[in-house]
Number of protein chains: 2
Amino acid sequence: MKALVVVAHGSRREASNDEVRELVARLDDSAGGTFSVVCAAFLELAEPSIPDAIVNVIDQGAGHVTVLPYFLSAGRHVASDIPAEIEKARVRRPGVEIRLAEYAGSSEAMLPLLLDLAIS
Amino acid sequence: MKALVVVAHGSRREASNDEVRELVARLDDSAGGTFSVVCAAFLELAEPSIPDAIVNVIDQGAGHVTVLPYFLSAGRHVASDIPAEIEKARVRRPGVEIRLAEYAGSSEAMLPLLLDLAIS
């Protein structure tokens with residue numbers, strides 16, 4: 001069983017966190033063929049934390065977890081902070097494959113997405 | 001002549017600002033049919049500012065400017081801060097149509113973009 005954990009930064013503004021949760025719920029609806037579970041996690045300021053979310057999907061039966069940073073830039077959060085949080089989950093549930101996907105802003109699909117918004 | 005100003009938050013980490021500038025340069029290459037000029041601007045921590053970028057494209061001949069927030073959530077920055085910066089440009093160059101596009105995270109294309117990264 002495969003799980004996907006989408007990691008956002010987290011905001012003091014709860015509506016922003018809820019916006020991420022809603023996006024991830026819609027992703028869960030459309031990702032059924034690939035991921036049995038899709039959930040949101042936050043680097044800071046909101047719950048669940050990254051290790052808590054990973055441990056939770058493993059305890060639901062996931063034997064392979066993909067962590068996807070919902071970030072636009074390859075800054076410190078993507079390069080260091082998220083890997084460090086993943087490591088905390090590895091300590092709590094050793095032996096499960098946890099893979100870090102590329103961050104959102106790195107996608108080649110971002111260009112047409114922006115252009116489409118610009119002309120809408 | 002139409003111009004597109006892509007607005008990012010701006011970072012203390014110059015590599016993140018450069019990542020935005022490179023993305024916008026690629027957008028400029030692919031948007032020639034719709035926008036004669038595409039440039040980056042930053043809400044804070046980096047240059048150019050939003051009003052400076054808008055004034056610059058107007059002075060290059062743009063009679064219509066689209067401002068596109070490169071943000072993932074509809075927070076205070078998107079709802080209040082960016083419109084306030086646009087207003088400063090309107091005061092400096094009245095009579096030019098300046099339109100605020102939807103922010104990146106609102107795009108329906110974000111779901112397939114994330115799913116594609118997750119399975120790559």
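Chain naming here is simple, since letters A, B, ... match the order of the sequence lines and numbering starts at 1 in each.
Using a 4.5 Å cut-off between heavy atoms, A:Leu27 touches chain B through backbone and side chain atoms alike. Only the side chain of A:Ser106 comes within contact range of chain B, with heavy atoms under 4.5 Å apart.
Note on residues 61-74 of chain A: no pairs pass salt bridge (charged side-chain N to carboxylate O under 4.0 Å, His left out), not counting sequence neighbours.
With contacts defined as side-chain heavy-atom distances shorter than 4.5 Å, the pair B:Arg76/A:Arg12 does not qualify. Using a 4.5 Å heavy-atom cutoff, the side chains of B:Arg26 and A:Glu108 are in contact.
Remark: B:His9 NE2 to A:Leu72 CG distance equals 11.5 Å, nearest 0.5 Å. Interatomic distance, A:Tyr70 OH to B:Ser73 OG, rounded to the nearest 0.5 Å: 6.5 Å.
For the set A:Ala104, A:Ala31, A:Ala101, A:Ala8, the count of heavy-atom pairs under 4.5 angstrom toward chain B peaks at A:Ala104.
For residues 83-91 of chain A, heavy-atom neighbours of chain B at less than 4.5 Å comprise no residues at all. Within residues 37-50 of chain A, no residue has any heavy atom less than 4.5 Å from a heavy atom of chain B. Heavy-atom proximity under 4.5 angstrom to chain B picks out A:Leu113, A:Leu114, A:Leu115, A:Leu117, A:Ala118, A:Ile119, A:Ser120 from residues 112-120 of chain A.
Of the possible donor and acceptor atoms, one in the side chain of A:Arg13 sits under 3.5 Å from a partner among the backbone N and O of B:Ala74.
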